[in-house]
Amino acid sequence: MKLEQLFSTVDYKVVSGNAEAEVSDIVYDSRKIKPGDLFVCLKGYNSDGHAYAAQALEKGASAILISDDLDIDTEDLAVIKVKDTRETLAYISAQFFGQPAKELTTIAITGTKGKTTTVAMIKRILECAGIKSGTIGTLGIIIGDKTIPTNNTTPESYEIQSAMRRMVDEGCKAMIIEASSIGLKWHRVDAIDFDYGIFTNFSHDHIGGAEHKDMDEYLECKAMLFKKCRLGLINRDDEKWQKILKGATCEYKTYGFSKDADYVASNDRLLSTPGFLGASFELSGARNMKVEVAIPGHFSVYNALSAISVCAAMGIKNEHIAEGLKTVAVKGRVEIVPVPGNYTLLIDYAHNALSMENVLTTLRQYKPHRLITMFGAGGNRPKVRRFEMGETSGRLSDLSVITEDNSRFEDVMDIIEDIKVGLAKTDGKYVVVPNRKDAIKYCIENAEDGDIIVLAGKGHEDYQEIKGVKYHMDERELIAECLEELKQ
């Protein structure tokens with residue numbers, strides 16, 4: 001593609017060379033430059049791509065995109081200057097991949113909590129309605145049964161545009177993305193005119209360092225989504241709901257328990273049978289129906305409401321909404337794994353004290369016979385995390401099963417000793433089973449009727465990191481192996 005075609009939707013200045021140059025690909029990582037590429041100099045928190053312009057020249061890049069002047073000889077190279085290379089990357093990536101967003105129904109979700117679960121709920125509802133969808137978020141880029149890992153919840157704009165093109169090519173009609181505050185701040189979702197934007201909630205997170213200077217900036221970045229979408233779906237029960245709409249250019253509808261919301265939930269209650277934990281509620285207002293959600297906790301009602309509001313706006317029938325929410329599962333997020341027996345086994349990503357507190361408090365509401373928590377702690381991380389996790393599990397679990405979890409370059413037994421320091425502050429019972437598969441087998445073998453067993457820490461991860469090497473390890477596979485061994 002010629003540079004002038006690539007830059008046809010942005011303001012730019014040709015510093016040297018000419019806009020007739022052909023570009024074979026767009027690259028912002030200097031290590032990946034190939035002859036004919038356009039190298040984009042991105043400014044990050046720790047590095048500046050302008051420092052690698054000479055390297056791009058040596059590797060045969062056909063053009064360089066800059067926002068600052070370069071101190072190298074670029075006479076034989078096309079150099080394009082713009083105000084903000086990160087913002088421009090979004091628009092030229094959209095152009096490079098043929099504006100794929102225009103061929104999809106696009107849905108973006110922002111908020112402190114609930115984004116991953118809400119994405120899964122919407123995807124499942126659309127599947128029930130016969131609409132193939134792709135998703136982008138914490139769990140990676142998911143198209144059909146393929147998952148492409150990503151480094152960030154909201155990847156760089158080039159990856160997003162590339163993923164959407166692939167979605168279109170593979171028959172998807174919709175795309176659902178987690179729009180993190182950082183992703184919005186760093187222009188990663190620019191060049192997409194979203195059909196729908198969802199606000200889940202707002203609480204303290206991502207403050208300091210490379211993220212946000214304060215809570216005001218954090219909120220302002222989330223609010224950016226509602227200047228980039230056609231219809232906003234807003235949690236009216238969140239105290240920041242009106243501030244999130246400050247400067248919004250979209251129309252909006254609201255959801256919540258508030259009687260003034262467009263989609264109103266009432267009569268919520270928890271549902272529990274062996275192998276199933278969920279919630280139910282009644283919906284009134286813009287839609288009227290009874291809803292059952294296959295994800296534990298009262299909070300799942302809010303996630304379900306956000307999913308319902310966007311799917312209703314898309315014209316999805318109640319029967320497909322009901323079926324989707326009753327059968328949804330989120331990989332690694334209180335994910336229930338079917339087992340023979342009258343107990344419930346689930347996998348969760350909780351890997352620090354706060355997330356463990358949240359999931360165990362939620363599961364306590366189901367009044368289990370016993371709540372058993374299997375967990376470890378990551379190596380080469382602050383020891384205080386281990387103390388806190390041990391104390392949290394000891395306080396909230398009837399039994400803690402202490403095991404390994406990404407020990408990295410530390411000895412597993414040293415990590416376990418640190419966890420025991422936290423457990424010692426409580427009256428909680430515990431056992432130590434250092435090998436993770438053996439620990440899972442112990443939990444299954446000793447399960448009693450009515451127990452809820454949580455395998456915490458790994459969630460969607462499918463590896464175990466030891467001494468710098470990532471070994472394949474998927475807990476779902478380990479559970480199946482344990483069940484087979486116990487059967488024999």
Side-chain angles (χ1 to χ4, degrees), residues 105 107-109 111 113-135 137-139 142 173-178 196 198-201 233-237 253-257 261-273 275-338 344 346-348 359 362-363 365-366 460:
T105 296
I107 303 162
I109 303 165
K113 298 172 187 169
K115 295 188 294 295
T116 304
T117 301
T118 303
V119 165
M121 287 178 170
I122 296 168
K123 183 177 190 289
R124 181 66 190 129
I125 291 169
L126 295 183
E127 284 173 347
C128 291
I131 299 170
K132 185 176 180 180
S133 308
T135 65
T138 305
L139 303 181
I142 302 173
K173 301 299 181 187
M175 183 276 292
I176 313 129
I177 186 171
E178 295 181 47
Y196 305 99
I198 297 172
F199 168 65
T200 59
N201 51 70
L233 291 314
I234 310 295
N235 177 2
R236 195 182 181 107
D237 293 349
K253 290 185 180 294
T254 61
Y255 63 86
F257 285 86
D262 295 294
Y263 298 89
V264 182
S266 60
N267 300 325
D268 61 313
R269 61 189 183 89
L270 300 176
L271 301 175
S272 175
T273 56
F276 180 89
L277 299 175
S280 69
F281 63 97
E282 292 174 15
L283 180 71
S284 59
R287 285 284 178 102
N288 294 282
M289 60 187 292
K290 288 188 176 180
V291 180
E292 288 188 8
V293 190
I295 295 175
H298 289 288
F299 196 79
S300 65
V301 174
Y302 277 108
N303 294 331
L305 279 170
S306 59
I308 290 168
S309 64
V310 73
C311 290
M314 291 174 67
I316 306 298
K317 293 178 180 177
N318 283 7
E319 62 198 74
H320 296 136
I321 292 172
E323 182 188 356
L325 292 173
K326 197 170 184 178
T327 57
V328 67
V330 189
K331 189 173 185 180
R333 300 298 196 277
V334 284
E335 175 192 354
I336 293 174
V337 182
T344 301
L346 55 89
I347 295 171
D348 192 79
V359 72
T362 294
L363 295 173
Q365 295 171 350
Y366 286 87
H460 60 280

Min side-chain heavy-atom separation Leu346-Leu277 under 4.5 Å = yes

So, Thr138 versus Thr116: side-chain donor-acceptor pair below 3.5 Å or not?
-> yes

Side-chain heavy-atom pair Ile109, Lys115 within 4.5 angstrom cut-off = yes

Write down the atom of Cys128, the atom of His320, and the distance for their closest heavy-atom approach.
-> O-CD2, 3.2 Å

If we ignore angles and hydrogens, is there a donor and acceptor under 3.5 Å between the side chains of Arg269 and His298?
-> no

Using a 4.5 Å cut-off on heavy atoms from C-beta on, say whether the side chain of Ile308 contacts that of Val291.
-> yes

Is there a side-chain contact between Leu270 and Tyr366, using heavy atoms and a 4.5 Å cut-off?
-> yes

Are any non-hydrogen side-chain atoms of Phe257 and Val301 less than 4.5 angstrom apart?
-> yes

Quick one: are Thr117 and Val334 in side-chain contact, heavy atoms under 4.5 Å?
-> no

Look at atom NZ of Lys253 and say whether more than 12 heavy atoms of other residues, nucleotides or ligands are closer to it than 6.0 Å.
-> no

Do Val310 and Ile316 have side-chain heavy atoms sitting under 4.5 Å apart?
-> no

Salt bridge flag under 4.0 Å for residues Arg124 and Glu127 = yes

Side-chain donor-acceptor contact under 3.5 Å, Tyr302 with Asp237 | yes

Heavy-atom side-chain contact between Phe276 and Leu271 under 4.5 Å | yes

